[in-house]
Engineer: 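The structure that follows is given in the form of structure tokens.
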Amino acid sequence: MDSPSRLVEVLREQAYLADEGLATACFLALRMGRPLFLEGEAGVGKTELAKTLAAVLGAPLIRLQCYEGLDASQALYDWDFARQLLHLKAAEAAGITDAARLEGELYDRRFLIARPLLAALETQPSVLLVDEIDRGDDEFEAFLLEILSDYTISVPELGTIRADRPPVVILTSNRTREVHDALKRRCIYHWLEHPSFEREVAILTRRVPGCAEDLAAQVATAAGRLRAADLVKPPGIAETLDWAEALLTLGARDLDPSLAAATLGAVLKHREDQVVALKDGLLAHGRRG
């Protein structure tokens with residue numbers, strides 16, 4: 001890929017419709033060897049971009065899902081104590097009593113379980129997705145910054161493991177909290193908006209088999225009204241795709257209000273939001289554009 005416009009085409013071949021801004025940020029991250037930091041509302045396509053990029057590059061996607069309390073051992077590596085114990089028992093049965101030899105064998109690479117970060121460094125090429133970094137703790141964020149600075153991991157019993165070819169790294173955040181500037185400075189940053197009406201129609205017709213443009217336009221119009229309302233969780237692209245698929249499953253050709261209300265659980269996942277949508281007439285039939 002020699003330009004952002006070419007990257008747009010390659011992603012489109014994988015049914016991911018990126019705009020120029022996102023393609024440029026992604027292209028720069030690839031060319032400059034920098035992590036790509038994607039921030040935006042849930043469901044706008046951050047995780048899907050990582051999956052699509054892995055398919056484009058022909059590289060495995062290695063995913064680290066962040067959560068409160070995530071620590072280094074869960075993200076880096078762990079020793080396989082069960083296998084180590086079996087090895088000790090086998091050595092005992094074989095009459096091996098050399099303590100130094102046994103200790104050296106116990107901390108061999110074959111007994112090391114690679115968690116996502118170590119797996120990404122040892123797999124070339126690879127795409128490392130650090131998903132929802134905003135859900136992790138400050139301590140883990142600082143630790144991750146250290147790893148991304150030189151792509152090395154120190155295992156006391158084995159030494160330093162360095163990536164011959166650093167993985168392509170994509171970090172995502174739903175902005176439930178602010179991520180520290182030190183980590184953002186290490187990355188190429190891009191904010192993902194909800195798609196424009198035209199792009200959402202294109203996504204729906206491309207990703208949902210059998211979805212006609214007219215139905216896609218009606219779904220996109222309704223989704224736009226829902227996003228403009230004061231909802232707990234406005235629908236993202238993932239929800240509009242589910243909605244269109246649910247409508248087609250019921251044989252719908254148009255998004256009439258009664259059918260929209262019946263399938264509301266596919267697009268709105270909070271009872272309060274469903275009440276607002278029904279009360280304020282946000283599901284009225286119609287299309288924009």
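The first residue of the sequence shown is numbered 1, and numbering continues consecutively from there.
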Engineer: Under 6.0 Å from the CZ atom of Arg206, do we count more than 12 heavy atoms belonging to anything else shown?
Structural biologist: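 Enclosed: over 12 neighbouring heavy atoms sit under 6.0 Å from CZ of Arg206.
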Engineer: In plain terms, say whether Asp2 and Arg31 are close enough for a salt bridge, that is, a side-chain N and a carboxylate O under 4.0 Å apart.
Structural biologist: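 A salt bridge is absent here (no side-chain N lies under 4.0 Å from a carboxylate O).
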Engineer: Below 4.5 Å, heavy atoms only, C-beta onward: do Leu38 and Ile170 meet side chain to side chain?
Structural biologist: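 Yes, their side chains come closer than 4.5 Å.
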Engineer: How about Asp80 and Gln84: does a side-chain donor come under 3.5 Å of a side-chain acceptor?
Structural biologist: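 The answer is no; no qualifying pair exists.
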Engineer: Find out if a path of hydrophobic residues (ILVMFWY) with successive side-chain heavy-atom gaps under 4.5 Å connects Ile113 to Leu76.
Structural biologist: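 Ile113 does not cluster with Leu76.
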Engineer: Under a 4.0 Å threshold between the charged nitrogen and the carboxylate oxygen, would Glu122 count as salt-bridged to Arg109?
Structural biologist: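 Yes, Arg109 and Glu122 are salt-bridged.
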Engineer: Are more than 12 heavy atoms from other residues, nucleotides or ligands located less than 6.0 Å from atom CD of Glu13?
Structural biologist: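 More than 12 heavy atoms, drawn from other residues, nucleotides or ligands, come within 6.0 Å of this atom.
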Engineer: May I ask whether Phe81 and Leu85 are part of the same hydrophobic cluster, defined by side-chain heavy atoms of I, L, V, M, F, W, Y residues being less than 4.5 angstrom apart, directly or through others?
Structural biologist: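 Cluster IDs for Phe81 and Leu85 differ.
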Engineer: Heavy atoms only: give me the nearest Ala277-Leu226 pair and the separation to one decimal.
Structural biologist: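 Looking at all heavy atoms of both residues, the shortest contact is CB-CD2, 3.8 Å.
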Engineer: To the nearest 0.5 Å, how far apart are CG in Asp164 and CG in Leu121?
Structural biologist: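 Result: 9.5 Å between the selected atoms.
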Engineer: Are any of the side-chain heavy atoms of Asp108 and Leu158 separated by less than 4.5 Å?
Structural biologist: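 A side-chain contact under 4.5 Å is absent here.
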Engineer: Could Glu200 and Arg227 be called an ion pair, given the rule that one side-chain N must be under 4.0 Å from one carboxylate O?
Structural biologist: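 Looking at Arg227 together with Glu200, the answer is yes, because their closest N to O distance falls below 4.0 Å.
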Engineer: With the side chain counted from C-beta on, respond yes when His190 and Phe37 share a heavy-atom pair under 4.5 Å apart, and no when they do not.
Structural biologist: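 Of all side-chain heavy-atom pairs linking Phe37 with His190, none is under 4.5 Å.
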Engineer: Might you work through the side chain to side chain donor-acceptor pair (under 3.5 Å) test for Tyr16 and Glu48, ending with a clear yes or no?
Structural biologist: CA-CA 8 Å; Tyr16 189 96; Glu48 191 63 27; over 6 Å; no
Engineer: Can you tell if the side chain of Lys184 reaches within under 4.5 Å of the side chain of Glu178, non-hydrogen atoms only?
Structural biologist: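 Heavy-atom side-chain distance check passes, below 4.5 Å.
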Engineer: Indicate yes or no: at least one non-hydrogen side-chain atom of Phe143 is less than 4.5 angstrom from one of Leu117.
Structural biologist: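 They are in side-chain contact.
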Engineer: Decide, yes or no, whether a salt bridge links Glu132 with Arg175 under the criterion of side-chain N to carboxylate O below 4.0 Å.
Structural biologist: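 Judged by the 4.0 Å cut-off on N to carboxylate O distance, Glu132 and Arg175 do not form a salt bridge.
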Engineer: For Asp138, does the CG atom sit with more than 12 other heavy atoms under 6.0 Å from it, leaving out its own atoms?
Structural biologist: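 Counting neighbours around CG of Asp138, more than 12 heavy atoms of other residues, nucleotides or ligands fall under 6.0 Å, so yes.
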Engineer: With a 4.5 Å limit on heavy-atom distance, are the side chains of Cys187 and Leu171 in contact?
Structural biologist: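 Heavy-atom side-chain distance check passes, below 4.5 Å.
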Engineer: Does Lys233 reach the side chain of Glu239, with side-chain heavy atoms less than 4.5 Å apart?
Structural biologist: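 The answer is yes, as the side chains (C-beta and beyond) meet within the 4.5 Å cut-off.
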Engineer: Calculate, to the nearest 0.5 Å, the distance between atoms CD1 and CD belonging to Ile133 and Glu39 respectively.
Structural biologist: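 So the gap between those two atoms works out to 11.0 Å.
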Engineer: Mind checking whether Phe27 and Val8 sit in one hydrophobic cluster, side chains of I, L, V, M, F, W, Y counted as touching below 4.5 Å?
Structural biologist: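 No, no single cluster joins them.
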Engineer: Around atom CD of Glu146, are there more than 12 heavy atoms of other residues, nucleotides or ligands at under 6.0 Å?
Structural biologist: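 12 or below, so no.
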Engineer: Mind checking the CG-OG1 spacing from Leu49 to Thr172? Nearest 0.5 Å is all I need.
Structural biologist: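 The OG1 atom of Thr172 is 10.5 Å from CG of Leu49, to the nearest 0.5 Å.
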Engineer: As an exercise, state the distance from OG1 of Thr240 to CG of Leu204, rounded to the nearest 0.5 Å.
Structural biologist: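 Reported value, rounded in 0.5 Å steps: 5.0 Å.
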Engineer: Taking C-beta and beyond as the side chain, do Cys66 and Val130 meet within less than 4.5 Å on heavy atoms?
Structural biologist: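 Contact flag for Cys66/Val130 side chains = yes.
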Engineer: Check the hydrophobic clustering (I, L, V, M, F, W, Y; side-chain heavy atoms under 4.5 Å; chains of links allowed) and say if Leu7 and Leu28 are grouped together.
Structural biologist: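 Yes, same cluster.
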Engineer: Evaluate the criterion side chain to side chain contact (heavy atoms under 4.5 Å, CB included) for residue pair Leu148 and Leu183; output intermediate values, then yes/no.
Structural biologist: CA-CA 9 Å; Leu148 297 181; Leu183 183 59; 4.2 Å; yes
Engineer: Please determine whether a side-chain nitrogen of the Lys or Arg among Arg12 and Glu9 lies less than 4.0 Å from a carboxylate oxygen of the Asp or Glu.
Structural biologist: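 Salt bridge flag = no for Glu9 with Arg12.
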Engineer: Can you label the angle between the Tyr77 ring and the Trp79 ring as parallel, tilted or perpendicular, going by 30° and 60°?
Structural biologist: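 Tyr77 vs Trp79 ring planes: perpendicular.
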Engineer: Given Asn174 and Asp134, is the side chain to side chain contact (heavy atoms under 4.5 Å, CB included) satisfied, shown in steps?
Structural biologist: CA-CA 7 Å; Asn174 295 336; Asp134 53 318; 3.9 Å; yes
Engineer: Could you tell me which non-hydrogen atom of Ser126 sits nearest to which non-hydrogen atom of Ala120, and how far apart they are?
Structural biologist: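 For Ser126 versus Ala120, the nearest heavy atoms are OG-O, 3.1 Å.
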Engineer: How far apart are the C-alpha atoms of Asp254 and Gln218, what are their side-chain angles, what is the distance that settles it, and do they pass the side chain to side chain donor-acceptor pair (under 3.5 Å) test?
Structural biologist: CA-CA 7 Å; Asp254 292 294; Gln218 293 172 26; 3.1 Å; yes
Engineer: Could you state whether Val267 and Val232 fall into the same hydrophobic cluster, counting links through intermediate Ile, Leu, Val, Met, Phe, Trp or Tyr residues with side-chain heavy atoms under 4.5 angstrom apart?
Structural biologist: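 No; tracing contacts between hydrophobic side chains, which count when under 4.5 Å, never links both residues.
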Engineer: Looking at every non-hydrogen atom in both residues, tell me the closest pair between Val201 and Ala220 and how far apart they are.
Structural biologist: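 Nearest heavy atoms, Val201 then Ala220: CG2-CB, 3.9 Å.
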Engineer: Begin with the C-alpha distance, continue with both residues' side-chain angles, and end with the deciding distance and a verdict on side chain to side chain contact (heavy atoms under 4.5 Å, CB included) for Leu61 and Leu129.
Structural biologist: CA-CA 7 Å; Leu61 176 70; Leu129 169 62; 3.9 Å; yes
Engineer: In sequence, state the C-alpha distance, the side-chain angles, and the governing distance for Lys279 and Gln274, and then conclude on side chain to side chain contact (heavy atoms under 4.5 Å, CB included).
Structural biologist: CA-CA 8 Å; Lys279 178 182 177 183; Gln274 294 182 354; over 6 Å; no
Engineer: Between Arg63 and Asp131 (salt bridge meaning N to carboxylate O under 4.0 Å), is one present in this structure?
Structural biologist: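 Result for this pair is yes, salt bridge flagged.
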